[in-house]
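In what follows, a structure is listed as C-alpha cells, so that the remarks can point back to it.
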Amino acid sequence: MTYIERTTLDTESLKEKILQLKKERNAVILAHNYQIEEVQDIADFTGDSLELARKAANQSADVIVFCGVDFMAETAAILSPEKTVLLPAPDANCPMAEMITAGELRVLKERFPDAAVVCYVNTTAEVKAESDICCTSSNAVKVVESLDADQIIFVPDKNLGSYVARFTDKKVLPWEGFCFVHDRITPEDVNTARQLHPDAQVLVHPECRAEVVDMADHVFSTSGMIEHVCKSSNKEFIIGTEVGILHRMKKDCPDKLCYPLSSQAICTNMKRTDLQKVYNSLKSLTPRVTVPEDVADRARLAIQRMLDI
Ligand code: 13P
Ligand code: SF4
C-alpha cells in the first residue's frame, strides 16, 4: 500500500517539476500518438507526424521538447533552426528511417532521372535533402498527385508506397523499407480480431502490408483514426497500429470501445521516452538535435513543399 502511494507521489512531483521547468524555459512539449501515457498526458500537444511538424513550424516557444523519434525532432530543428529542439531519449530512432541512405537515393535518381522523389517524413535529414517533397501517412496520396512527374520514386516505406499506388495513375517505384511494427501485423490477426469483435470496424495504418489493408474497413494516419473513432456512429473499433494510440482514443472518445488489432504492435523506440528523461532534458537542455545548415536548407524545401499543400 505504501509503495503504491509513493510511486504515485513520485510521478506527480515529477510532473509538477516538468511543468515548472517548462515555464522557466519557455518550452513546449510535443508528443506523438505512440508515446507512453504519462508522456502524452504531460504534453502540450499530441498528434500524428503531420500535425507535429505543423506545430513545430509555428511555435513561439524558445524550446521544443520532442517526445517521439529522431526524424521528428530533426524535422522540428530544420523548420525552427533558431529554437532549441530536445529529444529526451537520444536513442529513440526509427529503424525504417535508417533503411535508406542519401547515397542509395542518389543512385536511384540516376537510374530514374525523370522521376520525382517523394520521401516519407520517416527519413533522415540527408535523405530529405535529396528529395523533391516529403509526405506523411495522412497526405501521401495528395502529395503524389500534386506532382507533374509521371514516375515517382517513393522512399522508404514499400507498404505506404503500394498503398499510394492504388489511388494514382502515376507509376510509383517504392523502396524496400518497412516499419517493423506494422509489417508484422498479419491477415490472421485481422481474422482473429473480427471473430472476437464481429461488430467492430477495422481501421489500419497504411504502413501495414497490402494484404492487411485489403481486409480493413478504413485506412488512416494515427490522428485520422482518432478523428474517425470520435465521429463515427459505430461503437466498436479494431485498431491496426501501434498500441499507444489507444490511450488517446480512451481520452478523446470515452464512449467508444477500441481493441488492438495486435497486442504485439509496440514500437520500442517510441517507448524510450519517459517523464524522468523529459525532466532531465528540460533541466540540462540536452540532448539537443541540430542539423548541419547545408543539409537543413535543402531538406527544408522538401518539408515546406509538403506543408504548403
Ligand atoms: P502517423 O502518426 O503520421 O500516422 O505516423 C505513424 C508512425 O509510424 C510514425 O512513426
Ligand atoms: Fe518507425 Fe514504425 Fe516506430 Fe513509427 S512505429 S517510429 S515508423 S518503427
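Heavy-atom basis, side chains included; hydrogens, waters and symmetry copies ignored. Counting starts at 1 for both ligands and their atoms, following the listed order.
Remark: ligand 1 and His182 share no N or O pair separated by less than 3.5 Å (distance only, no angle test). Looking at His205 next to ligand 1, an N or O pair under 3.5 Å apart turns up. The distance criterion of under 3.5 Å between nitrogen or oxygen atoms is met by Ser137 with respect to ligand 1. Of the polar atoms of Asn33, none of the N or O atoms is found under 3.5 Å from an N or O of ligand 1, judged by distance alone.
Taking every non-hydrogen atom of Phe180 and a distance limit under 4.0 Å, the qualifying atoms of ligand 2 come out as 8 (S). Atom numbering of ligand 1 starts at 1 in the shown order; those under 4.0 Å from a heavy atom of Ser221 are 4 (O). Using a 4.0 Å cut-off to heavy atoms of Pro95, the atoms of ligand 2 that qualify are 8 (S).
When only modelled atom types and interatomic distance are considered, Asn122 and Asp157 share no side-chain donor-acceptor pair under 3.5 Å.
Each of Thr222, Ile266, Val39 was scored for a side-chain contact (heavy atoms from CB on, under 4.5 Å) with Tyr34, with one residue passing: Thr222. With Asp41 as the fixed residue, the salt bridge (Lys or Arg N to Asp or Glu O under 4.0 Å) test singles out one of Lys250, Lys251, Lys15, Arg248: Lys251.
Looking at atom 3 (O) of ligand 1, its nearest protein heavy atom turns out to be Ser49 OG, 2.8 Å. In this structure, the protein non-hydrogen atom closest to atom 1 (Fe) of ligand 2 is Cys94 SG, 2.4 Å. In terms of protein heavy-atom proximity, atom 7 (S) of ligand 2 is nearest to Asn122 ND2, 3.1 Å. Protein heavy atom in closest approach to atom 8 (O) of ligand 1: Glu207 OE2, 3.1 Å. For atom 3 (Fe) of ligand 2, the closest non-hydrogen atom on the protein side is Cys267 SG, 2.4 Å. Nearest protein heavy-atom contact of atom 2 (Fe) of ligand 2 is Cys179 SG, 2.3 Å.
The residues Lys109 and Asp114 are annotated as not salt-bridged, no charged nitrogen and carboxylate oxygen being separated by less than 4.0 angstrom. Taking the charged nitrogens against the carboxylate oxygens, Asp308 and Arg305 have no contact shorter than 4.0 Å, which rules out a salt bridge. With respect to the salt-bridge test (charged N to carboxylate O, under 4.0 angstrom), the residues Arg298 and Glu293 do not qualify. Of the charged side-chain nitrogens involved, none lies within less than 4.0 Å of a carboxylate oxygen, so that Lys256 and Glu236 do not count as a salt-bridged pair. Under the 4.0 Å criterion applied to side-chain N and carboxylate O atoms, Glu227 and Lys231 are assigned as salt-bridge partners.
Contact annotation: Tyr34 has at least one heavy atom less than 4.0 Å from an atom of ligand 1. Not close to ligand 1: Glu242, with no non-hydrogen atom less than 4.0 angstrom away. Residue contacts with ligand 2 do not include Phe71, since none of its heavy atoms lies under 4.0 Å from the ligand. Look at Met96 and you'll find a heavy atom under 4.0 Å from some atom of ligand 2. The shortest separation from a heavy atom of Asn122 to ligand 1 is under 4.0 Å, placing the residue in contact.
Looking at Thr136 against ligand 1, nothing comes within 4.0 Å, counting heavy atoms. At a heavy-atom cutoff of 4.0 Å, ligand 2 is contacted by the side chain of Glu207 but not by its backbone.
Atom NZ of Lys283 is surrounded by 12 or fewer heavy atoms from other residues, nucleotides or ligands within 6.0 Å. Environment of CG in Asp148: sparse, with no more than 12 heavy atoms of neighbouring residues, nucleotides or ligands closer than 6.0 Å.
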Item checked: Evaluation steps, salt bridge (Lys or Arg N to Asp or Glu O under 4.0 Å), between Asp44 and Lys22 -> CA-CA 10 Å; Asp44 295 290; Lys22 206 175 62 143; 2.6 Å; yes

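If you chain together hydrophobic residues whose side chains sit under 4.5 Å apart, Ile152 and Val155 never meet in one group.
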